[in-house]
Colleague: 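Sharing a structure, written as structure tokens. Questions coming.
Order of the sequence lines sets the chain letters (A, B, ...), proteins ahead of strands, with each chain counted from 1. The figures that follow rest on heavy atoms only: side chains count, while hydrogens, waters and symmetry mates do not.
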2 protein chains.
Amino acid sequence: MPNNQFKRGELYSFITGVASTAIARRLQKNFKTNGVEITIEQWSVLYHLWKQDGVNQQELCNATFRDKPSITRLVDNLEKLKLVRRVSSKEDRRRNLIFLTETAKKLQDQSMDLANQTLNEALEGVPSADIELCKSVLQKVYDNLK
Amino acid sequence: MPNNQFKRGELYSFITGVASTAIARRLQKNFKTNGVEITIEQWSVLYHLWKQDGVNQQELCNATFRDKPSITRLVDNLEKLKLVRRVSSKEDRRRNLIFLTETAKKLQDQSMDLANQTLNEALEGVPSADIELCKSVLQKVYDNLK
DNA sequence: TCGAATTAGTTGCATAACTAACAATATGCC
DNA sequence: GGCATATTGTTAGTTATGCAACTAATTCGA
């Protein structure tokens with residue numbers, strides 16, 4: 001029964017399922033119990049906007065590894081929540097530049113603290129060198145496939 | 001701008017976004033171009049059933065790290081595709097035992113080959129020891145949070 | 001300069017995720 | 001035996017994902 005055919009599949013389960021869903025669920029839960037009323041997907045978009053806003057949707061696609069329709073809808077929902085606004089670019093009218101609202105700016109510190117707490121919990125007992133190596137393996141996987 | 005607040009968040013992006021979505025998309029694409037007409041989520045359920053069928057939905061939840069409604073619907077869709085059937089357990093009538101159909105059994109070899117191919121592509125150039133370490137880090141993350 | 005190709009974003013459709021609330025069955029304690 | 005509790009699975013509602021097809025704006029080349 002420990003069929004050779006399954007060995008790589010186990011790895012697939014690990015990479016795509018185990019750790020990412022566990023972290024995502026815990027982070028979502030921590031947001032909720034602390035009154036941060038956004039989804040983790042919305043957070044992952046805000047995360048890039050806190051570093052720099054006024055970028056277009058395509059740049060958010062690249063930064064978050066999502067396709068264009070996904071970003072269109074995430075920005076739709078963030079706009080409904082009055083956390084971002086779309087501003088049409090004057091240089092290239094095809095582009096929407098995405099800006100944070102004051103409300104969104106106020107969310108940054110609290111939600112980043114919760115994210116860091118969650119990741120510290122997640123990574124407790126894992127040496128920094130292992131974390132870095134793991135990150136480089138995942139980056140390599142991404143580069144191989146993109 | 002390379003704010004200390006963001007360091008752990010990068011790792012979050014890597015674990016939840018980069019590698020898992022890249023592998024998932026590539027695998028889905030490889031399924032499609034080879035005429036395997038199932039989603040990767042359906043495949044991940046079949047994957048466990050190929051190892052052993054006749055298990056109940058709760059066991060599939062544990063094996064695939066999904067919640068119960070997700071498994072209910074995945075099994076619904078697999079049943080529509082005539083790949084599995086639900087059989088009520090005689091010992092405990094709350095339980096649905098999930099069995100593979102002949103059609104599903106025929107899918108195993110081809111889809112596992114495609115999955116292995118995809119993972120070989122994904123992991124090309126990554127030493128086995130690094131893969132094992134990466135897997136153990138992800139397992140540790142899961143154990144820390146579950 | 002005009003038409004083809006490219007780029008940015010949106011919409012429709014199907015599938016899948018999580019939460020919460022629920023029904024049915026089983027278990028366990030008194 | 002009977003009631004509280006736990007377990008198994010479903011349904012409803014919202015959000016998110018991927019693909020395909022589409023519009024609008026820009027760029028590039030003959």
Colleague: Not counting sequence neighbours, which residues clear side-chain contact (heavy atoms from CB on, under 4.5 Å) with Gln58(A)? List them please.
Modeller: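 Here the qualifying residues are Asn56(A), Cys61(A), Asn62(A), Lys68(A).
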
Colleague: Does anything in residues 70-79 of chain B form a salt bridge (Lys or Arg N to Asp or Glu O under 4.0 Å)? List the pairs, not counting sequence neighbours.
Modeller: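 Residue pairs passing salt bridge (Lys or Arg N to Asp or Glu O under 4.0 Å), neighbours aside: Asp76(B)-Arg86(B), Glu79(B)-Arg86(B).
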
Colleague: Base, sugar-phosphate, or nothing: which does Gln42(A) touch, judged by heavy atoms less than 4.0 Å apart?
Modeller: sugar-phosphate

Colleague: Give me the residues of residues 72-91 of chain B where at least one heavy atom lies under 4.0 Å from an atom of DNA chain D, by number, or none.
Modeller: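 Thr72(B), Arg73(B), Arg86(B), in order of number.
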
Colleague: Using a heavy-atom cut-off of 4.0 Å to chain B, what are the terminal contacting nucleotides of DNA chain C, in 5' to 3' order?
Modeller: dT15(C) to dA26(C)

Colleague: Which residues satisfy the side-chain contact (heavy atoms from CB on, under 4.5 Å) test with Ser89(B), sequence neighbours excluded?
Modeller: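 Ser89(B) satisfies side-chain contact (heavy atoms from CB on, under 4.5 Å) with Glu91(B), Asp92(B), Arg95(B), Leu97(B) once adjacent residues are dropped.
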
Colleague: Check salt bridge (charged side-chain N to carboxylate O under 4.0 Å, His left out) between Glu102(B) and all other residues, then give those that pass, not counting sequence neighbours.
Modeller: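 If we apply the salt bridge (charged side-chain N to carboxylate O under 4.0 Å, His left out) test to Glu102(B), skipping adjacent residues, the hits are Lys105(B).
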
Colleague: Restricting to salt bridge (charged side-chain N to carboxylate O under 4.0 Å, His left out), what partner residues turn up for Arg66(B), sequence neighbours left out?
Modeller: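 Here no residue qualifies.
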
Colleague: Test of understanding: with side chain to side chain donor-acceptor pair (under 3.5 Å), list the residues that count as partners of Glu121(B), not counting sequence neighbours.
Modeller: Arg26(B)

Colleague: Under the rule for side-chain contact (heavy atoms from CB on, under 4.5 Å), what residues qualify as partners of Thr101(A), not counting sequence neighbours?
Modeller: Thr103(A), Ala104(A)

Colleague: Apply salt bridge (charged side-chain N to carboxylate O under 4.0 Å, His left out) to Glu59(A) and list each qualifying residue two or more places apart in sequence or on a separate chain.
Modeller: none

Colleague: Just jot down the side-chain contact (heavy atoms from CB on, under 4.5 Å) partners of Val87(B), sequence neighbours excluded, or say none.
Modeller: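 Scan of Val87(B) (side-chain contact (heavy atoms from CB on, under 4.5 Å), adjacent residues dropped) gives Arg85(B), Phe99(B).
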
Colleague: What residues from residues 92-99 of chain B pass a heavy-atom cutoff of under 4.0 Å to DNA chain D?
Modeller: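 Of all residues in residues 92-99 of chain B, the ones placing a heavy atom under 4.0 Å from DNA chain D are Arg94(B), Arg95(B), Asn96(B).
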
